[in-house]
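All remarks here apply to the structure that follows.
Just so it is clear, the model here is predicted, and its values are computed rather than measured.
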Amino acid sequence: MQTPHIPVLLEEVLESFNNVNEGYFVDCTLGYAGHSFEILKKYPHLKHIGIDRDDEALAFSQKRLEPFKERSTLCKGTFATVLPALKEAPITALLADFGVSSLQLDKKERGFSFSSENLDMRMDASASLSAYEVVNEYPKEKLEYIFDTYGEVRSFRKLAAAVVEARAKAPIKSAKELSEIAKKVIPAGGKIHPATLMFQAIRIEVNNELGEIEGLLDAIEARHYKDEVVSLITFHSLEDRLVKNRFKKWSTACICDPQAMRCTCGKNHALGKALSRKPVTASKEELKINPRSRSAKLRSFRFTASSGVV
């Protein structure tokens with residue numbers, strides 16, 4: 001049984017978990033089990049916990065991971081809430097791929113696609129907030145904020161005004177219609193569709209993606225194990241900045257005030273170290289096979305001490 005989604009940076013992820021001890025491997029973004037299948041195959045000493053909020057993905061992965069059913073458990077929910085509740089220990093490997101799966105992007109009924117007749121973008125179909133409410137009900141100022149903050153859209157004010165003007169005539173019901181509005185405001189050109197950053201911003205808002213990443217990082221910080229390796233894959237600067245800054249914090253030995261004349265904290269507060277100075281990106285060979293991997297960045301961190309919380 002093959003996965004309908006090509007896992008990005010697969011070889012690099014597998015390599016990051018070399019020499020991990022026995023224990024649990026947690027895939028915080030299970031998706032269609034592309035990474036999990038290969039990790040379970042390569043590391044038979046690891047038990048597995050897969051987390052996802054997408055029922056369709058969980059159903060597929062249940063079948064996909066049938067060969068490993070004796071050491072695999074799947075959980076529905078967001079990783080920021082499920083991870084702190086796990087009783088299994090020790091966790092020796094943890095993976096999160098923050099990208100939207102190719103299947104979600106390509107399935108027009110999910111509303112992620114520029115040509116979709118729906119306006120949804122929910123990763124969890126049972127969630128109350130969808131892109132329809134964001135686009136049709138958010139005040140102009142809030143649209144400006146998410147387009148600017150989550151999408152880093154240069155013309156965020158003009159884009160928000162165009163959305164408000166369009167919905168005043170009739171509700172915006174499809175992603176296709178929304179992408180046409182973006183085309184009128186953002187000139188075509190370059191490698192990405194004019195609506196890409198707007199759709200990114202709305203998707204982040206709908207699924208609280210940055211909040212979930214912060215919650216995951218908090219949960220890891222509160223409960224980590226000696227020699228645990230954490231590998232996180234980001235796809236845009238907002239995500240990567242969160243991970244980079246947290247890894248920097250975890251690597252910092254001295255926590256004294258920068259203005260202090262001398263260190264009084266003992267310089268022993270580092271929790272571990274990043275496994276590479278810069279993020280790992282896709283090889284030329286992978287880019288040829290999977291162009292969507294061009295934005296992927298992998299950062300890995302190894303803890304050298306336990307948090308002491310069980």
Side-chain angles (χ1 to χ4, degrees), residues 1-18 25-43 50-52 54 56-57 60-61 64-65 79 93-108 110 112-116 121 123 150-152 190-201 203-204 207 209-210 212-213 216 229-244 247 274-301:
M1 186 177 183
Q2 298 299 313
T3 174
H5 171 69
I6 303 174
V8 299
L9 301 172
L10 177 59
E11 293 304 318
E12 292 81 359
V13 167
L14 290 172
E15 184 178 346
S16 74
F17 295 133
N18 278 343
F25 156 59
V26 179
D27 190 340
C28 296
T29 48
L30 177 66
Y32 294 86
H35 285 112
S36 283
F37 184 91
E38 297 299 332
I39 290 170
L40 283 166
K41 184 169 70 172
K42 182 171 181 178
Y43 300 113
I51 303 170
D52 210 290
D54 188 327
E56 184 179 354
F60 181 94
S61 294
R64 170 79 169 139
L65 298 176
F79 45 70
L94 184 145
L95 172 68
D97 173 352
F98 299 125
V100 181
S101 78
S102 299
L103 195 64
Q104 287 176 328
L105 289 172
D106 295 338
K107 275 201 165 187
K108 290 189 176 182
R110 299 300 297 267
F112 292 99
S113 167
F114 301 130
S115 58
S116 175
M121 302 191 195
M123 293 180 183
Y150 300 157
E152 299 180 315
K191 296 181 179 179
I192 66 172
H193 190 285
T196 298
L197 296 178
M198 176 177 67
F199 273 51
Q200 171 186 297
R203 193 197 73 225
I204 289 173
N207 298 290
E209 292 177 27
L210 298 182
E212 286 294 317
I213 293 173
L216 173 64
V229 174
V230 173
S231 290
L232 306 178
I233 301 173
T234 63
F235 283 82
H236 55 77
S237 60
L238 299 173
E239 295 174 341
D240 186 56
R241 197 176 302 133
L242 290 176
V243 174
K244 178 183 177 181
F247 280 14
L275 299 187
S276 62
R277 190 171 64 86
K278 294 183 178 181
V280 177
T281 55
S283 64
K284 292 181 180 179
E285 292 73 21
E286 180 172 1
L287 289 172
K288 290 178 182 177
I289 299 170
N290 182 18
R292 283 177 174 162
S293 66
R294 67 182 181 274
S295 302
K297 292 182 178 180
L298 170 67
R299 293 184 186 271
S300 299
F301 188 94

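- Between the side chains of D52 and Y32, no donor-acceptor pair is found at a separation under 3.5 Å.
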*Take I51 and V26 through the test side-chain contact (heavy atoms from CB on, under 4.5 Å) and record every step on the way to the result.*
CA-CA 8 Å; I51 303 170; V26 179; 3.9 Å; yes

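- Here K288 does not pair with E285 in a salt bridge; the nearest charged N to carboxylate O distance is not below 4.0 Å.
- Side chain of N207 to backbone of M123: a donor-acceptor contact under 3.5 angstrom is found.
- A donor-acceptor contact shorter than 3.5 Å is absent between the side chain of D27 and the backbone of A33.
- Expressed to the nearest 0.5 Å, how far CG of L242 lies from CD1 of I213 amounts to 6.0 Å.
- Here K42 pairs with nothing under the salt bridge (Lys or Arg N to Asp or Glu O under 4.0 Å) rule; sequence neighbours left out.
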*Apply side-chain contact (heavy atoms from CB on, under 4.5 Å) to the pair L94 and F79, showing each step before the final yes or no.*
CA-CA 11 Å; L94 184 145; F79 45 70; over 6 Å; no

*Should S300 and L298 be marked as a side-chain contact (heavy atoms from CB on, under 4.5 Å) after you check the CA-CA gap, both sets of side-chain angles, and the distance that decides it?*
CA-CA 7 Å; S300 299; L298 170 67; 4.0 Å; yes

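- R299 places none of its side-chain heavy atoms less than 4.5 Å from the side chain of L275.
- For the side chain to side chain donor-acceptor pair (under 3.5 Å) test, no residue two or more places apart in sequence or in another chain qualifies with E11.
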For residues 192-200, please give each side-chain donor-acceptor pair under 3.5 Å, one per line with the distance, not counting sequence neighbours.
residue: H193; atom: ND1; partner: A195; partner atom: N; Å: 2.9
residue: T196; atom: OG1; partner: H193; partner atom: N; Å: 3.3
residue: T196; atom: OG1; partner: H193; partner atom: O; Å: 2.9
residue: Q200; atom: NE2; partner: Y150; partner atom: O; Å: 2.8

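- Residues G34 and L10 share a closest heavy-atom pair of O-CD1, 4.5 Å.
- In terms of modelled atom types and a separation under 3.5 Å, the side chain of E239 and the main chain of L210 share no donor-acceptor contact.
- Note that R64 lies in the cation-pi zone of F37, set by a 6.0 Å cut-off to the ring centre and a 45° limit from the axis.
- Under the side chain to side chain donor-acceptor pair (under 3.5 Å) criterion, E12 pairs with no residue, sequence neighbours left out.
- Once rounded to the nearest 0.5 Å, the distance linking CG of D240 with CZ of F247 reads 9.5 Å.
- When the shell of 6.0 Å around CD of E15 is examined, it contains 12 or fewer heavy atoms from other residues, nucleotides or ligands.
- Residues satisfying the side chain to side chain contact (heavy atoms under 4.5 Å, CB included) test with S276, not counting sequence neighbours, are V280.
- The side chain to side chain contact (heavy atoms under 4.5 Å, CB included) check on L287 picks up A282, S293, R294, with sequence neighbours excluded.
- In this structure F17 satisfies the ring-ring contact (aromatic ring centres under 6.0 Å, His included) test together with F25, sequence neighbours excluded.
- If you take CD1 on I39 and OG on S231, they are separated by 8.0 Å, rounding to the nearest 0.5 Å.
- Residues passing the side chain to side chain contact (heavy atoms under 4.5 Å, CB included) test with A96 are C28, T29, F98, L216, L232, sequence neighbours excluded.
- Here the side chains of V8 and F235 are in contact, with some heavy-atom distance below 4.5 Å.
- The CD atom of E286 sits 8.5 Å away from atom CD1 of I6, with the distance rounded to the nearest 0.5 Å.
- When the side chain to side chain contact (heavy atoms under 4.5 Å, CB included) test is applied to T281, the partners found at least two apart in sequence or on another chain are K297.
- Partners of E209 according to the salt bridge (Lys or Arg N to Asp or Glu O under 4.0 Å) rule, which considers only residues two or more places apart in sequence or in another chain, are R203.
- Residues satisfying the side chain to side chain donor-acceptor pair (under 3.5 Å) test with E152, not counting sequence neighbours, are S237.
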